**Q** 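I'd like to ask some things about the structure below.
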Amino acid sequence: MIDIRLLRESPEQVRAAIARRGGQHGPLLDSIIQLDQRRRETLQKVEKLKAERNTASEVVARRKRAQEDAGGTLAGLRELSEEIKRLDDEERTLDAELHERLLQLPNLPLSEVPDGGAAANRVVRTWGEIPKLASPAKPHWELGEALGLFDLPRGAKITGSGFPLFTGPGARLVRALINFMLDLHTREHGYTEVAPPLLVNRETATGTGQLPDLERNMYVTEDGLYLVPTAEVPVTNIHRDEVLAAGDLPRGYVAYTPCFRREAGSHGKDTRGLIRIHQFDKVELVRFSTPENSPSEHEKLLGHAEAVLRRLGIPYRVVLLAAGDVGFSSAKTYDLEVWAAGVATWLEASSASTFTDFQARRANIRYRPRPDSKPEFLHTLNASGVAFPRTIIALLENNQQPDGTVVIPEALAPYLGRDRLAPAGA
RNA sequence: GGAGAGGUGGCCGAGUGGCUUAAGGCGGCGGUUUGCUAAACCGUAGUAGGGUCUAAAGCCCUACCGGGGGUUCGAAUCCCCCCCUCUCCGCCA
């Protein structure tokens, strides 16, 4: 949520910033400005009447105490109260409508974010060598089947397409990745590990920006709870409606969770194998920062996600997303794309974003710069550290050998209990 | 799921319709006293929204006693619905 005062005082600045995202936000902005105007007018009227009523009530109280007749003062107060009730209702309605629309407005991209749509995304750097494979590269779904790592048809039987069943060494690989990543982030990057709820309520999903506009991408239960699309949602909301001390910042949490995404309407492209699925595993990093430090925190966070890929020896590139491509809540996002030799493409395995005070405002997460100062909204940031499916894709496809085996990187081998995956019977 | 007890400021805790601008205590902040510390004493203090002002400060107004409705001229207090915590029962990995 953006600051209504910024919109009130510098509407053209906000309009220009939002326009960089593309899409038509003009009418929404106009209606917000108008609602804000009407709300304040109504508020001023009703508050004036309330002041009158309070004064009159005091007189009544004083008379009653003195055993005098208060009838004369009471006359007319009923009408005043009815008028107050009417205006109060009006103000409440306007405020609710205003709030609802403010929730639909995306964050403002930072100035250093490039103009344009996805085509304007900028590759900031590339790490690692794209492997030169001795034999024709197989895609991961072939490798995974041959190595007995996962069984997609049976996953589809159990639940539906996009719900993978990991088997044997594949299931063990998932467990190895969980432990490898959690160990790295807690031991070397200073994160506090948490294991959050996987179902969240409406307020929580609104706090990070999934609701109201992205509801179609989430699974909802009969109880009105949502399956988490990412650990960002429950973890960022750990401090919802709290005021942290300046000494608490920066603060970082790491969480492993499954993630559930309906991704309604995204069938057709990039859907083979594990590339785009409805349930996947991810280790997520969430940071809370003061506004001054959030730019450096963002770079630090990006580095933590990169460290995972470097340890695993997976070639990747860092992409600064253009204004038209950054997510709803984000002000600036770097994607980490891993190279996958089998499908011969770059796949997004992590997204490192700063949300400035956008989520903090929605979720009411504040901090006190000094013990005697007023609470201010802090900044939230997060990054995948990292998503499993595309990491698995890169590992399998890049490390495949002519004999059909897959070499496991040194950093991961102890967690997997082996340094090579081989087809059954080989 | 059933029965009961609760939810008041940073914390504890009083408050059954108007003298509450939420008592009192603890903690916080400022000060006085004081070799130093402690204690004592005095003072001060919340959050949000709106108005005033070029802006800040200040000042004024409104709201806030778990959340939302209602009764009333007036609600922390009375009524209704919901949420959460605790105790017991039931069910359960």
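Convention: sequence-line order gives letters A, B, ...; per-chain numbering from 1. This is a predicted model, so every value here is computed, not measured.
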**Q** Please state the P separation for the pair B/G46 and B/G35 - nearest whole angstrom.
**A**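 35 Å, rounded to whole Å.
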
**Q** In the strands shown, is B/U37 matched to any nucleotide by a Watson-Crick or G-U wobble pair with both distances under 3.5 Å, and which?
**A**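 Here B/U37 is not engaged in any pair, so there is no nucleotide opposite it.
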
**Q** Where each residue is assigned the nucleotide of RNA chain B containing its nearest heavy atom, which of A/Ile4 and A/Arg62 is assigned the position nearer the 5′ end?
**A**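 Counting from the 5' end, the first nearest nucleotide belongs to A/Arg62.
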
**Q** Output the single nucleotide from B/U62, B/A63, B/G18 whose closest atom is nearest the side chain of A/Arg53.
**A** B/A63

**Q** Between the side chains of A/Thr380 and A/Gln359, does any donor sit under 3.5 Å from an acceptor?
**A**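 A/Gln359 and A/Thr380 do have a side-chain donor-acceptor pair below 3.5 Å.
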
**Q** A/Arg368 side chain N/O closer than 4.0 Å to the phosphate oxygens (OP1, OP2) of B/U47?
**A**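 So the side chain of A/Arg368 is within the cut-off, an N or O lying under 4.0 Å from OP1 or OP2 of B/U47.
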
**Q** Let me know the distance between NZ of A/Lys50 and C1' of B/A75, rounded to the nearest Å.
**A**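 To the nearest whole Å, that distance equals 14 Å.
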
**Q** Mind checking A/Lys45 for me? I need base, sugar-phosphate or nothing, with any heavy atom below 4.0 Å counting as a touch.
**A**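 The answer is nothing, as A/Lys45 stays clear of every strand by at least 4.0 Å.
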
**Q** When you check the phosphate oxygens OP1 and OP2 of B/G74, does a side-chain N or O of A/Ser81 lie under 4.0 Å from one of them?
**A**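 Looking at the OP1 and OP2 atoms of B/G74, one of them is under 4.0 Å from a side-chain N or O of A/Ser81.
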
**Q** Using OP1 and OP2 only, check whether a side-chain N or O of A/Asn54 sits under 4.0 Å from B/U62.
**A**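 True: A/Asn54 side-chain N/O within range (under 4.0 Å) of B/U62 OP1/OP2.
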
**Q** Using a strict 4.0 Å threshold on nitrogen-to-oxygen distance, state whether A/Glu297 and A/Lys300 make a salt bridge.
**A**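 So A/Glu297 pairs with A/Lys300 through a salt bridge.
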
**Q** Roughly how far apart, to the nearest Å, are B/A76 and B/G17 at atom C1'?
**A** 11 Å

**Q** Nearest-nucleotide wise, let me know which of A/Glu58 and A/Leu43 is further upstream toward the 5' end of RNA chain B.
**A** A/Glu58

**Q** Below 4.0 angstrom from OP1 or OP2 of B/G70, is there any side-chain N or O of A/Lys85?
**A**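 Result: no.
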
**Q** If we call it a pair only when both distances are under 3.5 Å in a Watson-Crick or G-U wobble match, what pairs with B/A5?
**A**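 Per the H-bond distance test, B/U85.
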
**Q** Could you work out the separation of B/U34 and B/C42 based on their C1' atoms and round it to a whole Å?
**A**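 Looking at atom C1' only, B/U34 and B/C42 are 16 Å apart.
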
**Q** If you check the A/Arg40 side chain, which of B/G18, B/A48, B/G50 turns out closest?
**A** B/G50

**Q** Where the side chain of A/Glu47 is concerned, which of B/G49, B/G69, B/U47 is the nearest nucleotide?
**A**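 Comparing B/G49, B/G69, B/U47 against the side chain of A/Glu47, the answer is B/G49.
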
**Q** From C-beta outward on A/Arg92, which listed nucleotide comes closest to its side chain: B/C73, B/G69, B/G50?
**A** B/G69

**Q** So what does A/Ala51 touch, heavy atoms closer than 4.0 Å: a base, only the sugar-phosphate, or nothing?
**A**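 Counting heavy atoms under 4.0 Å across all strands, the contact made by A/Ala51 is with sugar-phosphate only.
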
**Q** So, is A/Arg366 near the phosphate of B/U47, with a side-chain N or O under 4.0 Å from OP1 or OP2?
**A**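 Checking A/Arg366 against B/U47: no side-chain N or O falls below 4.0 Å of OP1 or OP2.
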
**Q** Which nucleotide in the set B/G50, B/C73, B/A48 lies at the smallest distance from any side-chain heavy atom of A/Arg39?
**A** B/G50

**Q** May I ask you to say what A/Lys48 touches in the nucleic acid, namely base, sugar-phosphate or nothing, with a heavy-atom cut-off under 4.0 Å?
**A** nothing

